[in-house]
Asks: 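Encoded as structure tokens, here's the structure I'll be asking about.
Just the heavy atoms: all of them, side chains too, but no hydrogens, waters or symmetry mates, feed the values below. Naming: A, B, ... by sequence-line order, numbering from 1 per chain.
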There are 2 protein chains.
Amino acid sequence: MGNRLLTHNHSFVSLSTQRSRRRRADRGALASGRPAWGYSACVATIADVARLAQVSTATVSRVINGNTEVDPVLADRVRVAIAELNYRPSRVARSLRTRRSSVLAVIISDIRNPFFTDMVRGIEDVAYAHNYSLVLCNAEDDPAKEADYLTLAVDEHMAGVVLAPASPTGTDLKSLRAAGVPVVTVDRRLADDDVDRVLIDNIGGAVTAVEHLWHSGFRRIGCVSGPVGVSTGADRLAGYRQGLAAHQLPDDEQLVSFGDFHEESGTRAMQELLALPDPPDAVFVANNLMTLGALDAIAATSLRVPDDIGIVGFDDMAWAPLLRPPLTTVGQPTYDVGAETARMLLSRLTGYVGPGREVVLSPQLFVRASSTLSARWSPA
Amino acid sequence: MGNRLLTHNHSFVSLSTQRSRRRRADRGALASGRPAWGYSACVATIADVARLAQVSTATVSRVINGNTEVDPVLADRVRVAIAELNYRPSRVARSLRTRRSSVLAVIISDIRNPFFTDMVRGIEDVAYAHNYSLVLCNAEDDPAKEADYLTLAVDEHMAGVVLAPASPTGTDLKSLRAAGVPVVTVDRRLADDDVDRVLIDNIGGAVTAVEHLWHSGFRRIGCVSGPVGVSTGADRLAGYRQGLAAHQLPDDEQLVSFGDFHEESGTRAMQELLALPDPPDAVFVANNLMTLGALDAIAATSLRVPDDIGIVGFDDMAWAPLLRPPLTTVGQPTYDVGAETARMLLSRLTGYVGPGREVVLSPQLFVRASSTLSARWSPA
DNA sequence: AGTCCATGGGAAATCGATTGCTCACACACA
DNA sequence: TGTGTGTGAGCAATCGATTTCCCATGGACT
């Protein structure tokens, strides 16, 4: 193959000879000893293809990108040459020239949270089907790290960004906007609402959970809340209060304990609630990891679920039905959240313009034994 | 700032004026209406910095990369200019020129498996501390998708690759090698062993699990095995058999049922075992997700754990202690696996050369109630 | 038959950085 | 004072693609 390439150097198409001389030198270096830092495996460049097909690089580019009409005969020659050389265009060079790429950045706040990873699956499936690759960035709810990654997204010419914002106000999308990189926020609301977003009806989900507990006969319902600094935390807490109000249950400040959406904080918050002089007879926990922690705290006591304390957690998980008793949850359509997010981003990438859109998906209550008091439940 | 920049266009340092004229035109386009495809926000280029600092771009580059000595006076001027313009070098241009980048690709086989996500946390922490970014690729055990991502890694000039191979033989590292991109494989063994790798002592872990079941009094121990096509599956099965042999337990073919490491297959495999004429009195399940499935299958029967059936699962999980009864597991040091993998890769990136190295970490048995038969256990 | 226009392809500029080569300048030494 | 040497900075080539601009060709129309 290398030989055939060289024989074509003398074709009537005159390309920069200096350049091809240099390229041949490179090949030699590669063949003999490997240089200190590895040469790319993109063995063939567009110039090699052009030479072999006896056309200009411009024509090769046109064939590849199909923007302009090209003589079918030439196009065929080019395609044959591409196959012959096993040529793949350099994404880096293309990105430098066009200032675009086909990589999407997904900036999430906790890679260990199954909610986000399931969501990423949804994003990935849609993106992969449209030939986009994903870069997953774990900002860990750290605004500085988030900012780093947003900067990286611009610097690397990312085609688009999916962002679960660390805070409603601390996130600065200006540089993305300036660079013309489309963004879709997901899961958490941003103060700035001229941005595409996919959200869950967190208030509704929390209301449902509390109402369910009420219907199950619980009357002193506590809450392990997330941080009110992020919209999911604030909304779920608001929903909890709304649920209490709907049934004229007292809204006792003491009954709300705050965590940070991680497991340990759930344990601590639950312990605080259990230590109250007049502890709750049921709790609504605002996310999956804190629910784990809360269950840990309960397990350390002699309390039994649901007889001594009922529990409903936000976010469904594969293992929720396996707990004894099985755990009642407010499940989010995580995969669909991701898929919908990806679709929104793709629509921007294919030219849609307009003001920020909002898609709100509904959570679903999975009633299991952790919240159903048969004794209190019976209407009799 | 834009104005100040322009006043310096007439400095004695003559840069391509055509070029700067063109740049000014770009700015205009950006300021008025946004062009069809967004211009990058890298508002300043190295040429702008050079102009402002009244030096050549070569000098600016040298100041940034610090390879060569530069007159402190000029270096200061450059640094001031960089700050003034808020200049960040274009990663894409740099990558094109140097054929390197500071992004690592992490190719895993299942993003929903907590094992991999925890591992990624370990990789990420180490990588982030050394100013590398991560691209997470989800190959889903699909060799074609894996190959796609490996190609992408080369094409995007990734600095290095972490790979959990989909199969011992189907993975082709040739193009990475040709491109000089260092790889570390993790979790699964590759037939080719001239590659850095971080592994778990899967055989030892499985032996420990079986021996523990034996000591607990179980005598007919079954296995829900992973696919033997991947080393983790084969090794854990081998360890199971080794454990049986150590105690002269019969190695009954029927007692092994195979799954694919996903949840549903665990359910099915467990159902098969339970349907045997002479079903096992305990099972060793070869990974976390299949354990979930197996527990599901057990829950659908009237069998009680551990009295009717004992169970030990490979991979510890946050919720394992919360199950009733709590689940005995063979826990892997997932985070450390990731951290160690990242360190190995970084050592290659900082110039280490030599044959493939192997690091094997040890799993740890977490004894909980799902495998401890108090009745049979008592030595009396 | 001559002119015009449409069309397609080639040459070269360009994206924004790095780096080999060259040259100027300064200093030391005879 | 003339020559040798070393150091640092600038010019320009280069990475590999895309895209603008221009020219040549061929067909249609007068």
Side-chain angles (χ1 to χ4, degrees), chain A residues 12-16 18-23 25-26 36-37 39-40 42-51 53-75 77-78 87-101 155 157, chain B residues 12-16 18-23 25-26 35-37 39-40 42-51 53-75 77-78 87-101 155-157:
Chain A
F12 74 88
V13 181
S14 76
L15 294 171
S16 154
Q18 191 175 15
R19 181 150 170 167
S20 43
R21 226 182 298 127
R22 172 60 201 278
R23 283 207 61 76
D26 277 359
W37 37 270
Y39 274 82
S40 164
C42 294
V43 286
T45 71
I46 197 172
D48 296 324
V49 174
R51 206 173 307 129
Q54 307 194 341
V55 298
S56 75
T57 62
T59 301
V60 175
S61 175
R62 287 177 187 125
V63 170
I64 293 170
N65 298 298
N67 306 321
T68 321
E69 205 70 14
V70 173
D71 182 344
V73 176
L74 296 194
R77 284 223 304 273
V78 168
Y87 165 75
R88 284 174 279 123
S90 155
R91 291 161 172 272
V92 174
R94 171 180 287 174
S95 175
L96 174 63
R97 183 57 230 235
T98 64
R99 295 154 173 265
R100 280 140 86 44
S101 80
D155 289 356
H157 299 337
Chain B
F12 74 87
V13 181
S14 76
L15 294 170
S16 154
Q18 191 176 14
R19 182 153 172 168
S20 46
R21 226 182 298 128
R22 171 63 200 278
R23 283 206 60 78
D26 276 359
W37 38 271
Y39 275 82
S40 163
C42 293
V43 286
T45 71
I46 197 171
D48 296 324
V49 174
R51 205 174 307 131
Q54 306 195 341
V55 298
S56 74
T57 62
T59 302
V60 175
S61 175
R62 287 176 188 126
V63 170
I64 292 170
N65 298 296
N67 307 319
T68 321
E69 206 70 13
V70 172
D71 181 343
V73 176
L74 295 193
R77 283 223 305 272
V78 169
Y87 165 76
R88 283 173 281 124
S90 155
R91 292 162 174 270
V92 174
R94 170 179 288 173
S95 175
L96 175 63
R97 181 59 230 232
T98 64
R99 295 155 172 264
R100 279 141 88 44
S101 81
D155 289 357
E156 295 274 14
H157 299 338

Asks: What I want to check is whether an N or O donor and acceptor connect the side chain of B:Arg94 with the base of C:dT18 at under 3.5 Å.
Replies: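 Side chain to base: no pair below 3.5 Å.
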Asks: Does C:dG16 have OP1 or OP2 sitting under 4.0 Å from an N or O in the side chain of A:Arg99?
Replies: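 Answer yes for this pair, as a side-chain N or O of A:Arg99 is under 4.0 Å from OP1 or OP2.
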Asks: Locate the shortest heavy-atom distance separating A:Tyr87 from A:Ile64; write the atom from each residue and the value.
Replies: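 Closest heavy-atom pair between A:Tyr87 and A:Ile64: CE2-CD1, 3.6 Å.
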Asks: Can you list everything that forms a side chain to side chain donor-acceptor pair (under 3.5 Å) with B:Arg91? Sequence neighbours excluded, please.
Replies: B:Ser102
Asks: Whole angstrom is fine here: how far is it from CD1 in B:Ile46 over to P in C:dT19?
Replies: 11 Å
Asks: To the nearest Å, how far apart are B:Arg100 CZ and C:dG16 P?
Replies: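 Computing the B:Arg100:CZ to C:dG16:P distance gives 23 Å.
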Asks: Kindly calculate the angle separating the two end axes of the helix from C:dA1-D:dT30 to C:dA30-D:dT1, each obtained from five base pairs, and round it to 10 degrees.
Replies: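 The angle, to the nearest 10 degrees, is 60°.
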Asks: Report yes if at least one side-chain N or O of B:Ser61 is closer than 4.0 Å to OP1 or OP2 of C:dT18; otherwise report no.
Replies: yes
Asks: Do you know the tightest heavy-atom contact between B:Val55 and B:Leu74?
Replies: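 Distance-wise, the nearest heavy atoms are CG1-CD2, 4.0 Å.
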Asks: OG/A:Ser95 to CD/B:Glu156 distance, rounded to the nearest 0.5 angstrom?
Replies: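 Going from the OG atom of A:Ser95 to the CD atom of B:Glu156 covers 7.5 Å.
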Asks: To the side chain of B:Arg97, which of D:dG16, D:dT14, C:dA12 is closest?
Replies: D:dT14
Asks: Going by side chain to side chain donor-acceptor pair (under 3.5 Å), name the residues that satisfy it together with B:Thr59, two or more places apart in sequence or in a different chain.
Replies: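 Side chain to side chain donor-acceptor pair (under 3.5 Å) list for B:Thr59, sorted by chain: B:Ser56.
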Asks: With sequence neighbours left out, what residues match B:Ser61 under side chain to side chain donor-acceptor pair (under 3.5 Å)?
Replies: B:Asn65
Asks: Find the distance B:Leu96:CG to C:dT14:P and express it as a whole number of Å.
Replies: 17 Å
Asks: May I have the distance from A:His157 (atom NE2) to C:dA17 (atom C1'), rounded to whole angstrom?
Replies: 11 Å
Asks: Between D:dT19 atom P and A:Ile64 atom CD1, what is the distance in whole Å?
Replies: 12 Å
Asks: Grab the two heavy atoms, one from B:Ala75 and one from B:Val63, that are nearest each other, plus how far apart they are.
Replies: CA-CG2, 3.9 Å
Asks: What N/O pairs connect the protein and nucleotides 5-9 of chain D at under 3.5 Å? Give each pair on its own line.
Replies:
| from | atom 1 | to | atom 2 | distance (Å) |
| --- | --- | --- | --- | --- |
| D:dA9 | OP1 | B:Asp71 | N | 2.7 |
| D:dA9 | OP2 | B:Asp71 | N | 3.3 |

Asks: Taking atom CZ of A:Arg94 and atom CZ of A:Arg100, what is their separation to the nearest 0.5 Å?
Replies: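 Answer for the CZ-CZ pair, A:Arg94 versus A:Arg100, is 11.0 Å.
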Asks: From C-beta outward on A:Thr98, which listed nucleotide comes closest to its side chain: D:dG16, D:dT19, D:dC11?
Replies: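 Shortest atom-to-atom distance from the side chain points to D:dT19.
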Asks: Could you tell me how far apart B:Arg88 (CZ) and C:dG16 (P) are, to the nearest whole angstrom?
Replies: 13 Å
Asks: Nearest 0.5 Å, what's the CZ-CD1 distance between A:Arg88 and A:Ile46?
Replies: 14.5 Å
Asks: To the nearest Å, give me how far apart CZ (A:Arg91) and C1' (C:dC15) are.
Replies: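 After rounding, the reported distance stands at 18 Å.
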